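The structure appears right after this line, and notes come after that.
Atoms considered below: every heavy atom in the structure, side chains included; atoms not considered: hydrogens, waters and symmetry mates. Atoms within a ligand are numbered from 1 in the order they appear, just like the ligands themselves. In what follows, residues are counted from 1 in the order of the sequence shown. This structure is a prediction, so every number in the text was calculated from the model and none was measured.
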Amino acid sequence: MTSGERPLRSAGWFGTHDKTGFVSRAWMKNDGLPDDSFRGRPIIGIASTWSELTPCNVHLRQLAEHVKRGVWQAGGVPLEFPTTSLGETLIRPSSMLLRNLVSIDLEESLRGNPIDAVVLLTGCDKTTPAYLMGAASVDLPAILLTGGPMLNGRFRGETIGSGTSVWKLTEDFRAGRISEADLAEAEGGMSRSHGHCMTMGTASTMACVSEALGMQLHGAAEIPAVDARRGVIAHATGARAVELVREDLRPSQILTREAFENAIRVNAALGGSTNAVIHLLALARRIGVPLVLDEFDSLVREIPTLVDMMPSGRFLMEDFYYAGGLAVVINELGDLLHRDALTVSGRTLGAGAGVAPCHDREVIRTMQQPFKPVGSGIAVLHGNLCPDGAVLKQSAASPRFFTHEGTARVFDSIEEYTEWADGGAPEATADDVLVLRYSGPRGYPGMPELGNLPLPRRLLEEGVEDMVRISDARMSGTSYGTVILHIAPESAIGGPLALVATGDRIRLDVPGRRLDMLVDEAEIERRRAAWTPPPPHSDRGWVWLYSEHVQQADLGADLDFLAGGSGDPVPRQPF
Ligand code: FES
């Protein structure tokens with residue numbers, strides 16, 4: 001078989017009758033594969049981020065079995081393989097430190113092996129962008145399948161959501177509103193099934209955004225992990241991977257400029273995670289699509305938030321699925337999307353969405369009566385604190401802070417902040433601006449999700465629910481509040497955030513898209529001359545390589561030498 005006019009890539013291993021072919025086939029036969037497996041059938045890699053240290057992805061081996069059935073049925077040969085995985089809740093100091101490493105792991109696994117197409121099995125936050133980035137750099141036919149969200153969490157008759165309810169419940173506990181026993185009971189009801197976080201956090205966002213990009217089958221993003229229909233779509237994904245080889249349909253034909261615009265607009269309608277910004281910027285640079293940070297603002301100014309989901313709203317992914325899911329959102333957005341964008345299904349985005357009736361208008365609203373009005377998407381700010389940009393998720397913020405001036409309380413580490421916040425936060429008021437720095441890509445390292453600083457205990461007890469917080473860190477997609485993130489350039493490389501001091505006045509002007517410290521230029525220059533960079537975190541290994549090469553948040557925090565791709569040539573063979 002050929003892919004279009006091209007011979008199968010795997011024929012470079014299995015298609016010869018010499019020593020190379022003998023060795024390649026003979027050792028694979030210890031998998032129990034019959035000889036016809038190597039006679040012109042497409043080899044479909046099933047790349048998996050399964051790991052018992054990544055609880056959100058722990059069911060991916062079962063899902064792979066469904067994918068394999070589809071591959072066999074369509075005439076291919078499935079070969080499952082692991083890569084490094086990233087469990088958001090466990091891995092330290094930050095899963096983001098390793099996103100690019102996983103992308104390299106996948107890229108080189110694909111390039112070095114006899115694979116004609118790949119099914120990408122992901123779920124937890126960073127696993128999806130890491131795999132999309134790696135696959136884009138190889139540009140083999142590829143199709144994504146996320147593992148699906150958990151069922152709704154339950155606690156004493158209430159629905160609770162991953163992350164979002166954790167922040168709320170632990171703040172209630174800190175403020176003395178609930179007991180330790182209450183907290184333990186909630187902990188037991190949060191994660192009731194396999195699957196990734198079921199709020200519109202980063203995992204659900206990236207699942208939906210990937211479908212809007214065209215890299216998942218229509219309807220694949222939102223089916224709960226334990227719903228039998230996820231097995232059905234896994235089967236279809238495997239079968240489709242074989243067809244991708246026959247059609248020679250590659251990520252570069254799907255991940256177009258139009259696809260990225262679709263993803264950015266869908267993310268706004270979903271009230272999706274700020275992390276999508278950083279991942280899409282990195283992915284665009286891998287596939288060679290021009291995309292800049294400011295477009296995450298300019299492209300969404302006419303998009304309202306349509307979906308009432310945590311952290312911005314009330315519902316969860318299970319509700320979203322039953323309401324009709326992403327197809328309803330795509331149809332609501334209508335011509336605001338490029339409906340003719342090609343997807344991995346072989347159909348366009350619009351055709352894939354089909355008619356898609358909405359079954360619950362509480363969960364998915366209309367353009368005429370949205371959940372949050374036009375202009376509630378991500379705002380990209382500039383100013384003397386963030387010359388290269390910063391982001392604010394307006395739908396999760398308090399509008400009363402959109403035009404605000406307050407006194408800076410500056411902290412160089414989360415430990416320093418926590419000691420202050422739990423120690424009474426002397427003199428702090430609800431109008432202060434909390435500043436966390438040295439938490440960017442190089443500073444921490446790995447740009448952790450620390451930007452949504454928990455409010456000082458004393459202010460919490462007084463009933464304060466939100467404050468302006470700014471940092472060069474990220475925040476969990478499940479978080480909420482008036483939190484300005486991804487400040488670039490970061491403080492660890494001498495960005496102006498490094499020069500702000502406690503007591504300075506900071507002005508936030510969201511309508512004007514500005515974030516400034518009200519310090520005169522001569523004083524800023526004096527501080528700049530006195531500033532010294534922090535010492536490096538390591539002089540060896542991955543942390544050194546990452547710190548030397550990581551780019552700033554406005555470029556997607558990828559490594560500078562990973563932009564673009566190496567393609568999928570058949571490597572030289574050594575014997
Ligand atoms: Fe894995 Fe949220 S912790 S998706």
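When each of Thr164, Thr274, Asn452 is paired with Ser479, the side-chain hydrogen bond (donor to acceptor under 3.5 Å, both in side chains) condition holds for Asn452 and for no other.
For the pair Lys126 and Glu449, the salt-bridge criterion is met [side-chain N within less than 4.0 Å of a carboxylate O]. Electrostatic pairing of Glu332 and Arg361 counts as a salt bridge here, judged by a charged N lying under 4.0 Å from a carboxylate O. Using a 4.0 Å cut-off between charged nitrogen and carboxylate oxygen, Asp412 and Arg437 count as a salt-bridge pair.
The atoms of ligand 1 that sit less than 4.0 Å from any heavy atom of Glu88 are 3 (S). The atoms of ligand 1 that sit less than 4.0 Å from any heavy atom of Thr89 are 3 (S). Listed by number with element, the atoms of ligand 1 under 4.0 Å from a non-hydrogen atom of Cys124 are 1 (Fe), 3 (S), 4 (S). Those atoms of ligand 1 with a heavy atom of Cys197 less than 4.0 angstrom away are 2 (Fe), 3 (S), 4 (S). Near Ala203, with a cut-off below 4.0 Å to any heavy atom, the atoms of ligand 1 are 4 (S).
Residue contacts to atom 2 (Fe) of ligand 1: His196 brings no N, O or S atom closer than 2.8 Å.
The aromatic rings of His549 and Trp544 lie perpendicular to each other, with more than 60° between the two planes, well past the 30° mark.
Residue Cys56 touches ligand 1 through its side chain alone, judged by heavy-atom distances below 4.0 Å.
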Evaluation steps, side chain to side chain donor-acceptor pair (under 3.5 Å), between Ser103 and Asn100:
CA-CA 5 Å; Ser103 80; Asn100 305 331; 5.1 Å; no
